[in-house]
Amino acid sequence: MAEHAVQVNPALELPEHASRTRHGVLLEEYSYDDAIVRKFLLVTVVWGLVAFLVGLLAALQLVVPSVIAYTTASGARPFAFLSILSSVEFLTFGRLRPLHTNAAIFAFAGNAIFAAIYYSTQRLCKTRMWSDTLSNLHFWGWQLIILSAALTLPLGITQGKEYAELEWPIDLLIAVVWLGFFGTNFFMTLKVRRERHMYVALWFYIATIVTVTMLHVVNSLAIPAGLFKSYSVYAGVQDAMIQWWYGHNAVAFFLTTPFLGLMYYFMPKAAERPVYSYRLSIVHFWSLVFIYIWAGPHHLHYTALPAWASTLGMLFSVMLWMPSWGGGINGLLTLRGAWHKLSDDPVLKFFVVGITFYMMSTFEGPMLSVKSVNMLSHYTDWTIAHVHGGTLGWNGFMTFGMIYWMAPRLFQTKLYSKKLAEWHFWVGTLGILLYVIPIYVAGITQGLMWRAFDQNGTLAYPEFIETVTKLMPFYWIRVVGGTLFFVGAIMLGYNVLRTWMSRPAVYEVPVLRTPPIQPLEVRRPVFHSRLHANTEFGHAGDVFIQNVQNAWWHRVLEAFPLRFVFWAIVAVAIGSLLELIPMFAIRSNVPTIASVQPYTPLELAGRDIYVAEGCYNCHSQMIRPIWAETKRYGEYSKPGEFVYDHPFQWGSRRIGPDLAREGGIRSNLWHVLHLQDPRQASPQSIMPAYPHLLSQNINFDEIQTHVRAQAMIGVPYGEAVKDGRSQELARAQALSISQDIAKSEGPKDLDNKKIVALVAYLQRLGTDIAKPAPDATGAPTQPAQSQDSKGGAKPNLSRKD
Amino acid sequence: MNRIGDSPDFVPSDPLTDHEYDGIREFDNPTPGWWYAFFGATVVFSFCYLLLFHFSVAGWTSEDTWADDQRAEFKRVFGAVGQLKPDDDTIRAQMDNPQFMTIAKATFLGNCTACHGRDGGGLVGVNLCDDNYKNVKHISDIYKVITEGANGGAMPSWKRAFSDNERVILASYVASLRGTKPSAGKGPEGDPIAPWPAAKPK
């Protein structure tokens, strides 16, 4: 084995950096690279503050329009200055929210797990990281990714897929930094380790690295249409499936498995107690990684996703409950005999509350994925409360606990103030509660209002805006909760800063001496059947069970990283392949509708604006087959309607109403006035104003490139791909829309303004299904479904039964 | 069992494994029995659910459920009156049906408010409360405008959005707005027309 190339042979000369004990045992000298951990730790704090601040801004954006509208008796509007929050083009909610989620997930949590992995892996493997160069390339590469995200997202440069918004050049950089720098460095460190077996924390790190690579690469496949623009190669239903396979497993393998690894290292360290159960860690690790990967489709219940996928998503989520809790109970029970330490150790306080939130979230997750619960919760703030319990409680508090534990050790001094850390804990906990409780209430309230009928069988709240204004008090409490959480993080920042300031002039770098990796010593135990009178088969079965329970076989697996990686890949590949392959291979999953045609070049340009502005952050484009929903929005969405949607824009939250059938139900002028300032059309609206769309020009030259890129991924654009033809078509359509707006006494000369493209797109939404199928051009046609009442099949009124 | 306040030195006496990593040890406790019980229960539930809802007579789809709801709902609302004719008399008559007017009002609030205002005073769309109309001479013309749209699409067609009956009672509701006082009425557009005919005695 390459891993123990250094043989114990006293006759040979000592290798460099080695010595011997008195008994002649070879000892290798090494030291840990803590400088890289210090770097990751500091940026974790900094990016955490940024992520929380941006979140707070986003929370404020949802409430300030209600204050701006406040007018005193004398007609003055004392809060009008606040409109700056929702009228700056680069900081509208649709652009800020992706910035917030990306910063929280990839900058804050990302750097936190890197700090944890670099600190613990070296110690668990009794070796320095394989390459300091790769460590630093990883660090700086990742910060570069974060900076590019912070620059591009406010500029509206986005792929329009949740938690995967970053454009293709950044996506490439992520792949290189993640696998090329981080992954290589990590796996090579495993290879040169001096500890024969891998501790459970490392298993979780392995699962994280391989799975995130797979998710990122598959979900981000896109065809570039310029340096800052690309289109997902997947469309509609299939894109939705891929996206939520990715999205849900970003939660699983970026926010759960690395944090479980972190917990397995830092919890027993802080508690100074052995981990509760080794065998539980085996069972819950493998069940977790195998089952989690299936759960994605629960984000798409009742949508145009085929029912079988939806059911798989639900059932695997339900089965995921115990595998998730396995980690929670292993963490909490590690505190047996050490609970008294909580009273004066802020680190353990953070860990206990963090794990508690993990267990609450992982119970709530399976519950929300049950279809009938999801019917109520989907598109509401319930989801927002759920994820914030997870991120603020689990990821946030585990990170804070880890930082307070590591800071004095890394900066080789005392923590500046334990009291301040205690304050952080209480202020932060109160902040989380004041965030999630009102948002749970808001989510359930809005969900119930959307589906409420009065005694006449009509919607009790037919105006969407009623269901928004109702939430304002809860949104205000959220702002208070978010502020508290942010204040807590400032306390952390100050504490870390002061601790850092009292560091020694030169860090001590202890030199450690360890024998090289030893050969495998696990022996297969011999078991005898415990049964008395039984068949051969029965005895064999009992011996098998004892073998499995003894876990010696897993002990062997832990000694061979490559084998372990192989089985981890198998575990996550099974669910992925079994769900994704049928989704692409079986045509009946997406029945075609002949009348559904590609967007015109101008509508495509409008769609690009829709994506760039992040409209999908507040508006869904997916009407579910639920009576209250078709009553409100119209005919439910069919899978065949989205075949040209690269990427899909179904959305996941309705802060504003669904737009799937927006086309044709309002005049062009209405859209112009509404986008210019939504309060002109709906006085209580909390939507940002988009006056810049009326002044900025459409880039007609780009349209041709974009149409060609779409054609390359299979959208039948026909003659529009010819040089200049897309431009001509776009200009003609823009002219006719702008003339209509001018005729209705709206703003004039809009024919080259962005707003016209966006209006063209909005007016197209959901209208194709009503059109007659185009004349057969050889393609098999299926008549557009002849339905002409809200929702679907024409009701048979004459039926007297 | 140990509780808060136990001796700080207390370490559970469970058997340990022989592993040690950077000072971290692991107990050799078995996975709790209730963990297996709950896990097994979720697996059994999943099998039953799959069989029941995808491979048995109890199978359902959200589309079927929706269609059932729709049939039940139309029967409940319009079952007694059957198909309403979109003529002057019928539309005029429904104005005096309080149940239909409540239903139509909800339709109006959910779909027409954006352009015509909550109380019909007009925003981008015309004022529906005054005596001036652009495309309406008779009460049944309201139904035509709702059904076909007007003004080159500025007023869209609602033919697909609502059933025939829903459009009839919506026309009645819009007619009933005439003569009401909106909070902020838009100026008159179009020509004044004759008052609606008196309701015919039943």
Side-chain angles (χ1 to χ4, degrees), chain A residues 123-124 195 197 199 265 268-269 273-280 283 287 302 307-308 311 315 318-319 321-322 326 329 336-337 339-340 456-459 462-463 549 624-627 630 632 634-636 664-667 669-670 673 681-682 740 744 770 788-793 795 797-798, chain B residues 2-6 8 10-12 16-17 19 21-22 24-32 35 38-39 42-43 45-46 49-50 53-54 61-63 66-67 69-71 73-74 76-78 82-83 99 102-103 106-107 109-110 113-115 123-124 152 154 156 159-163 165:
Chain A
R123 285 159 174 86
L124 292 170
E195 184 78 71
H197 297 273
Y199 177 58
Y265 182 83
K269 280 275 179 191
R273 288 290 180 281
V275 171
Y276 170 67
S277 168
Y278 163 66
R279 284 185 266 166
L280 172 59
V283 182
S287 53
Y302 290 99
W308 63 265
T311 296
L315 297 180
V318 170
M319 289 190 279
W321 175 24
M322 277 300 121
I329 55 184
R336 290 177 316 152
W339 284 99
H340 61 279
N456 291 313
T458 55
L459 293 172
E463 291 172 277
Q549 282 179 342
R624 299 172 295 171
I626 297 169
W627 185 242
T630 54
R632 186 181 297 279
E635 185 170 350
Y636 61 78
I665 61 169
R666 287 176 243 280
S667 64
L669 176 60
W670 184 90
L673 296 177
S682 175
D740 174 70
S744 332
D788 82 341
S789 80
K790 213 163 193 184
L797 298 180
S798 55
Chain B
N2 38 288
R3 290 171 294 275
I4 291 178
D6 283 346
F10 177 82
V11 178
L16 278 160
T17 59
H19 325 158
Y21 303 92
D22 192 31
I24 299 173
R25 312 243 14 217
E26 293 170 288
F27 285 119
D28 197 24
N29 289 318
T31 302
W35 189 95
F38 275 74
F39 185 51
T42 57
V43 173
F45 167 82
S46 298
Y49 183 98
L50 194 68
F53 290 116
H54 284 270
T61 66
S62 45
E63 288 81 3
W66 181 87
D69 283 350
Q70 192 203 36
R71 272 190 292 276
E73 195 54 31
F74 270 84
R76 197 170 72 77
V77 176
F78 295 114
Q83 189 83 37
Q99 191 209 354
T102 322
I103 295 172
T107 311
L109 289 177
T113 301
C115 296
L123 294 165
V124 177
K159 192 168 164 33
R160 282 182 59 79
F162 309 121
S163 69
N165 275 11

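Naming convention: chains lettered A, B, ... in sequence-line order (proteins, then strands); numbering from 1 in each chain.
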Next item on the list: Could you tell me the separation between the OG atom of Ser277(A) and the CH2 atom of Trp35(B), rounded to the nearest 0.5 Å?
Entry: 10.5 Å

Check: Looking only at heavy atoms, which two atoms of Tyr278(A) and Glu26(B) are closest? And how far apart?
Finding: CD1-OE2, 3.4 Å

Item checked: Side chain proximity check, Phe39(B) to Val283(A), heavy atoms < 4.5 angstrom -> no

Check: So which part of Leu16(B) gets closer than 4.5 Å to some heavy atom of chain A, the side chain, the backbone, both or neither?
Finding: side chain

Notebook entry, point to check: In terms of heavy-atom proximity below 4.5 Å to chain B, should Ile626(A) be classed as side chain, backbone, both, or neither?
Noted result: backbone

Check: Which region of Ser62(B), side chain (C-beta onward) or backbone (N, CA, C, O), has a non-hydrogen atom less than 4.5 Å from a non-hydrogen atom of chain A, or is it both or neither?
Finding: both

Margin query: Between Thr458(A) (side chain only) and Ile103(B) (backbone N and O only), is there a donor and an acceptor less than 3.5 Å apart?
Written below: no

Note to self: Please classify the contact of Leu109(B) with chain A as side chain, backbone, both or neither, using a heavy-atom distance under 4.5 Å.
What the structure shows: both

Notebook entry, point to check: For the residue pair Trp66(B) and Tyr636(A), does the interplanar ring angle fall in the parallel (under 30°), tilted (30 to 60°) or perpendicular (over 60°) class?
Noted result: perpendicular

Margin query: Assess the residue pair His19(B) and Tyr199(A) against the criterion (side chain to side chain contact (heavy atoms under 4.5 Å, CB included)); give the C-alpha distance rounded to whole Å, side-chain angles, the decisive distance to 0.1 Å, and a yes or no.
Written below: CA-CA 9 Å; His19(B) 325 158; Tyr199(A) 177 58; over 6 Å; no

Item checked: Spacing of CG belonging to Leu315(A) relative to NE2 belonging to His54(B), to within rounding of 0.5 Å -> 7.5 Å

Notebook entry, point to check: Any idea which heavy atoms bring Gly664(A) and Pro156(B) closest together, and the distance?
Noted result: O-CB, 2.6 Å

Next item on the list: Under 4.5 Å, counting heavy-atom pairs only, tell me which of Asn29(B), Thr31(B), Thr42(B) racks up the most with chain A.
Entry: Asn29(B)

Item checked: Any Lys269(A) side-chain heavy atom under 4.5 Å of Asp22(B) side chain -> yes

Notebook entry, point to check: At their closest point, which heavy atom of Gly457(A) faces which heavy atom of Arg76(B), and how far apart are they?
Noted result: CA-NH2, 3.0 Å

Next item on the list: Verify the neighbour count for atom CZ of Phe45(B): are there more than 12 heavy atoms of other residues, nucleotides or ligands below 6.0 Å?
Entry: yes

Notebook entry, point to check: Is it the side chain or the backbone of Ala67(B) that comes within 4.5 Å of chain A heavy atoms, both, or neither?
Noted result: neither

Item checked: Flag side-chain contact, heavy atom, 4.5 Å: Pro32(B) against Tyr276(A) -> yes

Notebook entry, point to check: Where is the tightest heavy-atom contact between Ala106(B) and Pro462(A), given as atom of each residue plus distance?
Noted result: O-CB, 3.2 Å

Check: Who wins among Ile665(A), Leu669(A), Leu124(A) for the most heavy-atom pairs under 4.5 Å with chain B?
Finding: Ile665(A)

Notebook entry, point to check: Under a 4.5 Å heavy-atom cut-off, does chain B meet the side chain of Trp670(A), its backbone, both or neither?
Noted result: both

Checklist line | Flag side-chain contact, heavy atom, 4.5 Å: Phe53(B) against Thr311(A) | finding: no

Checklist line | Shortest non-hydrogen separation from Met319(A) to Ser46(B) and the atoms involved | finding: CG-OG, 3.4 Å

Check: Using non-hydrogen atoms only, which part of Val77(B) is less than 4.5 Å away from chain A: side chain, backbone, both, or neither?
Finding: side chain

Notebook entry, point to check: What closest approach, in Å, do Arg279(A) and Asp28(B) show between heavy atoms, and which atom pair accounts for it?
Noted result: NH2-O, 2.8 Å

